[in-house]
**Student:** 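Below: one structure in structure tokens.
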Amino acid sequence: MFLNLLRSSGNLTQISQIHAQIIVNGLALHTQFLSKLIELQSVDYARAVFNQLPSPTDYSWNSMIRLYTVNGFPQHSLSLYSEMLKKDHKPSNFTYPSLFKACSTRSSIEKGKQIHAHVVKFGFQYDLFVNNSLIDMYCKCSCMKSAQVVLDEMPESDEVSWNSIISGYVRVGEIEKARVLFGEVPVKRNVVCWTSLINGHGRKGKLNEMFRLFLQMLVSGDDVEPNSTTMVCLLSACSSPSDCKLGNWVSLFIDVNQIPVTTILSTALIDMNSRCGDLDKAQRLFDGLSGKNLVSWNAIITGYVQTARFEEAVRLFDLMQTHSVKPNEITVVNVLSACSGLGALELGKRLHIYLGRNGLDLNVIVAAALVDMYTKCGRVTDACLVFVKTPNKDVALYNTMILGLAYNGHGSESLAVLAEMERNGTRPNDMTFLGVLSGCNHSGLAEEGRYMFSDMVKKYGLSPKIEHYSCMVDLLGRAGYLYEAFELIQNMEISPDSFIWSSLLSSCRIHRNIELADEIAAVIMSSQNPNSGSCILLSNIYASVGRWKDVIRMRKLVKEKGDKKPLGVSWIELNGSVHKFVVEDVQHLQSKEIYEIHKFLTDQLKAEGYVPTFDCVSS
DNA sequence: ATAGGGTTAG
């Protein structure tokens, strides 16, 4: 009778009345009753009700333990279990599944092992549900050996046992082991089983094999229908723009087969479309999503950040908060990255404060985003503070710091950070050296740069990419080692691009070496397709020595190519809002005043004797 | 009453 009343009851008054009756009659506390209390109130309220029970039954203890676990309070679940034992209340086979779920993190595995011993002590080691939850716990803690022992020793296993262990091997990346078990499954392979294996291949980037398995599943004798989760796995594997076609095929499959589009599936579709660069489609999906959650907001914000549409990203971030969705670490990392792109220091600082105030995890990824933001906004000291305080630094964080120091002109400090990372046993990679070399370049440390370049190859066995060569050519060229730079280009195992030649030409101009410029010109002109940048540089060099015929020849070449450079854009943040400026643009509300002040400043400079150089500017 | 697969960050 009470149960039916509970099912239909909607508000707390009714619940309380039923509750009173239950207590009067000395009945056990029912899960559905407690669940309803949580729905209307909180776990604390449910606990208060539990505490009032004169003599809680098995049922009541198990329900309360379970509620703590499913509502995200695993530690409470465990301490209630201790209390239960202290009060000499015997656990039942129903007690353990939620306890093992509560121990499904790496940090709680020791506790889980202890409770595993209780299972044996109380004689539940043959219970299917208990063993299945044990397998799941060991898998979630990456203890595959223990999980395998439980599976091998249980008297009978079912689909759930095998699905758990297969997904466990997928989780730890042992895809081959997962495949072997998949082939040995003694029970029916259902959609969960197939989906786990499909997911495993997707996560390893084996897209061909993944789709082959998917098609195999459709025609297999297992009579399995793919569902939303299967689609999510397929979509999340299509992570690079080259997988666009596959992603769209999955999209179409969902439509044609009317797979239910859950919030998670919709989020995966948003993510896939933004990775393919179709932000409009992603935005439309997002707009149409009724159950937007934190992850969906993060997915769309990520889309805008990764296509460099920073202003839109920040706008969505503000909008998200007006919808009372609280940002997490992932949100903050993305918006910080937008701040780096915009130079939005004020917003960046607010995010830094937000992280601390809300107890978010300052992990290495967050730290790198902060360091990047501060250095791109010119706040090297603030970046260093974050960097120094971060434990367990990884190579990417080191690289961010080194590069940040580099383009702020702190070359020797970036060398010091490299030395520190070597002391800490973090192996530098090619990005590290790009940072260090560019630091040497920006600070004119030619000798150190040369030394680092040779270390990179000889000490670490890294093969330089075109970016490293460009940096070295620029470094040597600026320092006047023009022929060394020229030789470096000629000895590269990669073919030089136009930027590297432009860089050397620019050095020839600085050091007024016409001979080498002529030599380079010969190389460039005989090659494929000289770019207009190089031609402009050459024309400037010829102009400086009065070789007007050559100037005209170069200008003609540039005109013929007629390629347009993208307009230069700059941003400035003022009182927390970002202002954007494009060359010659009059979009800004105060553009008239801005140009007036600009003219005033230019006039002042000229009055002080400033003469703008136009020899680098052309056409 | 108890168990299994999935989405977002450098």
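Letters go in sequence order (proteins before strands), and every chain restarts at 1.
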**Student:** Any base atoms under 4.0 Å from A:Asn93, or only sugar-phosphate, or nothing? Heavy atoms, all strands.
**Tutor:**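 Counting heavy atoms under 4.0 Å across all strands, the contact made by A:Asn93 includes a base.
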
**Student:** For A:Arg309, check salt bridge (charged side-chain N to carboxylate O under 4.0 Å, His left out) against everything at least two apart and list the hits.
**Tutor:**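 A:Arg309: salt bridge (charged side-chain N to carboxylate O under 4.0 Å, His left out) contacts with A:Glu312.
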
**Student:** So, does A:Arg275 get its side chain near the phosphate of B:dA9, meaning an N or O under 4.0 Å from OP1 or OP2?
**Tutor:**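 A:Arg275 to B:dA9 OP1/OP2: side-chain N or O found under 4.0 Å.
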
**Student:** Take the angle between the ring planes of A:Trp249 and A:Phe214 and call it parallel below 30°, perpendicular above 60°, tilted in between.
**Tutor:** perpendicular

**Student:** Go through the structure and list residues passing salt bridge (charged side-chain N to carboxylate O under 4.0 Å, His left out) with A:Asp430, not counting sequence neighbours.
**Tutor:** A:Lys465

**Student:** Could you work out which one of B:dT7, B:dA9, B:dA3 sits closest to the side chain of A:Asp158?
**Tutor:**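 Selected nucleotide (nearest to the side chain): B:dA3.
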
**Student:** Given B:dG10, B:dG5, B:dT7, which nucleotide is nearest the side-chain atoms of A:Val232?
**Tutor:**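 The answer is B:dT7.
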
**Student:** For the side chain of A:Val160, counting heavy atoms from C-beta on, which of B:dA3, B:dG6, B:dG10 is nearest?
**Tutor:** B:dA3

**Student:** Of all the nucleotides listed (B:dG6, B:dA9, B:dA3), which has the minimum atom distance to the side chain of A:Cys233?
**Tutor:** B:dG6

**Student:** Any idea which of B:dA1, B:dA9, B:dT7 is nearest the A:Phe94 side chain?
**Tutor:** B:dA1

**Student:** Could you check whether the side chain of A:Ser167 and the base of B:dG5 have a donor-acceptor pair of N or O atoms closer than 3.5 Å, going by distance alone?
**Tutor:** no

**Student:** Could you please name the option among B:dT8, B:dG5, B:dT2 that lies closest to any side-chain atom of A:Arg66?
**Tutor:**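 So the nucleotide nearest the side chain must be B:dT2.
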
**Student:** At under 4.0 Å, does any side-chain N or O of A:Gln306 touch on OP1 or OP2 of B:dG10?
**Tutor:**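 Indeed, a polar side-chain atom of A:Gln306 lies that close.
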
**Student:** For the side chain of A:Asp394, starting at C-beta, report the closest nucleotide among B:dG10, B:dT8, B:dT2.
**Tutor:**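 Of all the options, the side chain of A:Asp394 is nearest to B:dG10.
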
**Student:** Does anything in residues 222-231 of chain A reach DNA chain B, meaning a heavy atom under 4.0 Å, and if so which residues?
**Tutor:**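 DNA chain B contact set from residues 222-231 of chain A: A:Asn227, A:Ser228, A:Thr229, A:Thr230.
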
**Student:** Test the A:Lys393-A:Phe387 pair against the cation-pi criterion, namely NZ or CZ under 6.0 angstrom from the six-membered ring centroid and within 45° of the ring axis.
**Tutor:** yes

**Student:** Heavy atoms under 4.0 Å, any strand shown: does A:Thr262 hit a base, just sugar-phosphate, or nothing?
**Tutor:** base

**Student:** Using a 3.5 Å cut-off and no angle test, enumerate the donor-acceptor pairs between side-chain atoms of residues 285-292 of chain A and protein atoms at least two apart in sequence or in another chain.
**Tutor:**
residue  : atom : partner  : partner atom : Å
A:Asp287 : OD1  : A:Gln283 : NE2          : 2.9
A:Lys292 : NZ   : A:Phe286 : O            : 3.3
A:Lys292 : NZ   : A:Leu289 : O            : 3.1

**Student:** Please list residues of residues 132-157 of chain A whose heavy atoms come under 4.0 Å from any atom in DNA chain B, ordered by number; otherwise none.
**Tutor:** A:Asn132, A:Asp136, A:Lys140

**Student:** To the nearest Å, how far apart are A:Asn399 CG and B:dG10 C1'?
**Tutor:** 10 Å

**Student:** Partners of A:Lys206 by salt bridge (charged side-chain N to carboxylate O under 4.0 Å, His left out), sequence neighbours excluded?
**Tutor:** none

